[in-house]
Amino acid sequence: MNGSSARQLMSQMLVEKRNSLAPEKVGMRCEGARRMHGLSRRDVAQIADISFNHYQRLEQGTSVGVSAPVIVRICDALLMEDDEKARMLALHQAWARPRRPRSGSQASGEISGRQRASSSGV
């Protein structure tokens, strides 16, 4: 699985789980009418003790630096079962996997003639 697919699946899981949880189920008191059935992104971020913007970027698949402990806190905030948490961590690992260097002379640090000429002012 590539990083893009992992991001999409992780995003989908987060949205579905967030929308399926009533605030009362996670110990939040609801006063007055709410416009949504599930938790808001702000609710999840608050429960997981992370910034709203960080959670929002993670859910939208645009976050670049998220650690496994943060994923675990989010899973706990969303009351995920062990199998769901394991899947989230596997997706995180696929997403966060370091990229391999490209093959070829550019990746190995060799300088091409064009690069050599431009760096020497010729």
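Since the structure is predicted, the reported quantities are computational estimates derived from the model, not experimental observations.
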Query - Same apolar cluster (I L V M F W Y, side chains within < 4.5 Å links), Leu89/Val44 - result: yes

Heavy-atom pair with the smallest gap, counting every atom of [X] and [Y]:
| X | Y | answer |
| --- | --- | --- |
| Ala6 | Leu91 | CB-O, 3.5 Å |
| Lys85 | Asp76 | NZ-OD1, 2.6 Å |
| Leu79 | Lys25 | CD1-O, 3.7 Å |

Any [X] side-chain heavy atom under 4.5 Å of [Y] side chain:
| X | Y | value |
| --- | --- | --- |
| Leu14 | Met88 | yes |
| Arg18 | Tyr55 | yes |
| Met10 | Ile71 | yes |
| Val66 | Ile50 | no |

Short question: side chain of [X], backbone of [Y] - any donor-acceptor pair under 3.5 Å?
| X | Y | result |
| --- | --- | --- |
| Arg73 | Asp49 | yes |
| Ser11 | Gly61 | no |
| Gln60 | Arg57 | no |

**Report entry** Over 12 non-hydrogen atoms of neighbours within 6.0 angstrom of CG in Asp82
**Finding:** no

Query raised in the report: Roughly how far, to the nearest 0.5 Å, is the OG atom of Ser51 from the CD atom of Gln56?
Result: 9.5 Å

Report task. Calculate, to the nearest 0.5 Å, the distance between atoms CG and CD1 belonging to Leu39 and Ile47 respectively. Result -> 5.5 Å

Report summary line: For Arg42, the side-chain contact (heavy atoms from CB on, under 4.5 Å) test, sequence neighbours excluded, returns Ser40, Phe52

Query - Residue from Arg87, Met80, Glu81 passing side chain to side chain contact (heavy atoms under 4.5 Å, CB included) with Asp83 - result: Glu81

Requested in this report: Ignoring hydrogens and angles, state whether a donor on the side chain of Gln12 or Gln8 is under 3.5 Å from an acceptor on the partner side chain.
Outcome: no

